[in-house]
Trainee: 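Supplied in structure tokens, the structure appears directly below.
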Amino acid sequence: MESLNKMEVWFVTGSQHLYGEDTLIQVADHSKIITEGLDKSRKYPVKIVYKPTVKTADEIHKLCLDANHNENCIGIITWMHTFSPAKMWISGLTSLKKPFVQFHTQFNRDIPWSEIDMDFMNLNQTAHGGREFGFIGSRLRKERKVIVGYWEESEPQKELEIWIRAAAAWHDSKSMKIARFGDNMREVAVTEGDKVEAQIKFGYTVSGYGLGNLAKFFEDINESEIDELIRIYEESYILDEKLASKGSMRESLIEGARIELAMTKFLEAGGFKAFTTTFENLHGISQLPGLAVQRLMEKGYGFGAEGDWKTAALVRSMKVMSYGLEGGTSFMEDYTYHMDSENECVLGSHMLEVCPSIRNENSASLEIHHLGIGGKSDPLRLVFSTPEGKGINASIMDMGGRFRMVVNEVDVISPLEDLPKLPVARVCWKPLPDLKTSAAAWIYAGGAHHTGFSQAIATDHLRDFASMADIELVVIDKNTDVEDFKKELRWNDIYYHVAKGI
Ligand code: MN
């Protein structure tokens, strides 16, 4: 996640030479003030960098090529303080590979009614300059975001922040490497997909490894590293007494620390940002990695169980979007329902692998229990609950001809009763608009059982991300009606078929 510290968004102001030098000096001064004002507001996870006003087609083209080639530039904010004839933008925008946002704002908030003269009118032309620029974006069918509002006000700044977070995740996705320990769970359909198409679309690479590849990283671990990690476990969690220093299963804790250290070293050595495991392939590992996966996710790695590389990538991207925000993000699965029609809810969890970033303030307990699946030794896991509040579940599926993202907004609630016998981390939620509508719509959309769950980001972050990736997005929220939703799916089938061409 430290990579966000290097990322930049460029603030680019469009104009032309028609107005003369004095006006252009004012344009530049104003755009510097806006850039610095936005950057210093410290609302953004990356730097916002001023770029000199572009006034000709050549300057615009060069700026767009520079943005493409600059490895820290994650996208550009465009602003038309004056009119900037949009034919000048054609060569630049057709070359631009980075996402862009059109900030339809004004340097001044108010019309100075008693003072306004033609000099003022010459300078403050966003209202029509932004329309000319908008036309060429639409004419070129460029995916972009349009934000309207006064730049010092919180609402447009918030919209910009959401877009920047999505752009950061998009930039990260372009160089993401995903390691798979073992293949997909046998016979499972939705976790499959076209990895070549995924790389073309999202930029990330997916590479498979045998557990043998991990073996040499076990050999390099020394005793002091294990002792240090166990000390961290003891300081951070409430330990099951069987795992305490004289406990009957202390050896399992030591083994768990070795698994975490080996996986960490493997992922760091390979520059991976996400990974998958599968309980069907644990050759050479004594227990299914639960604790290790949970702690790696908390450090920012994306994860998908049962070989689910698409969800691993999505969880990583959602973690990048949520950098520095309150609330966690985790791999998740709709596990089981409470179908009391008066009080319906979903219990979300997984066998072990839920990220502790979503735990409530009470510290997690580190426990060891038998697991019927996988046929290995009892695995370690952190057990905790999740705070109440708004959340989302998101999933990306390969529909054959394209990728579809589905998002469901949820209200996270406390479990209706204690769960004294459930030895895994869990989340309880009420899906919007209600369980019946949400589950039916999700199923019609072909949404997976695995999701990325977040209480840090919202639908709009994923909306901007889907726009950058140019993939289909369907949202299930408080307004969803199943019959309308089915129509949207049918229309989208036609749109994406036609829009793709041959
Ligand atoms: Mn699963």
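Nothing fancy with the numbering, it's 1 onward along the sequence. As the structure lists them, so they are numbered: ligands from 1, and atoms in each ligand from 1.
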Trainee: Between Gln199 and Val206, does the side-chain contact (heavy atoms from CB on, under 4.5 Å) criterion hold? Intermediate values first, please.
Mentor: CA-CA 8 Å; Gln199 187 171 344; Val206 185; over 6 Å; no
Trainee: Give the total of protein N/O/S atoms at a distance below 2.8 Å from the Mn ion (ligand 1).
Mentor: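 That number is 4, waters not included.
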Trainee: Look at the rings of Phe202 and Phe465 and say which category their plane angle falls in: under 30° parallel, 30 to 60° tilted, over 60° perpendicular.
Mentor: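 Geometry flag for Phe465 against Phe202: parallel rings.
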Trainee: Checking Glu8 now: which residues fulfil side-chain hydrogen bond (donor to acceptor under 3.5 Å, both in side chains) with it, not counting sequence neighbours?
Mentor: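 Glu8 satisfies side-chain hydrogen bond (donor to acceptor under 3.5 Å, both in side chains) with Trp10 once adjacent residues are dropped.
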Trainee: Will you find, in the side chains of Asp378 and His370, an N or O donor that is under 3.5 Å from an N or O acceptor?
Mentor: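 Yes, because at least one side-chain N or O of Asp378 sits under 3.5 Å from a partner of the opposite role on His370.
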Trainee: Please work out whether the ring planes of Phe272 and Phe266 are parallel, tilted or perpendicular, with thresholds of 30° and 60°.
Mentor: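 Phe272 and Phe266: parallel rings.
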Trainee: Hey, can you tell me if Trp429 and Phe453 have their rings parallel, tilted or perpendicular (30° and 60° cut-offs)?
Mentor: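 Rings of Trp429 and Phe453: parallel, as their planes differ by under 30°.
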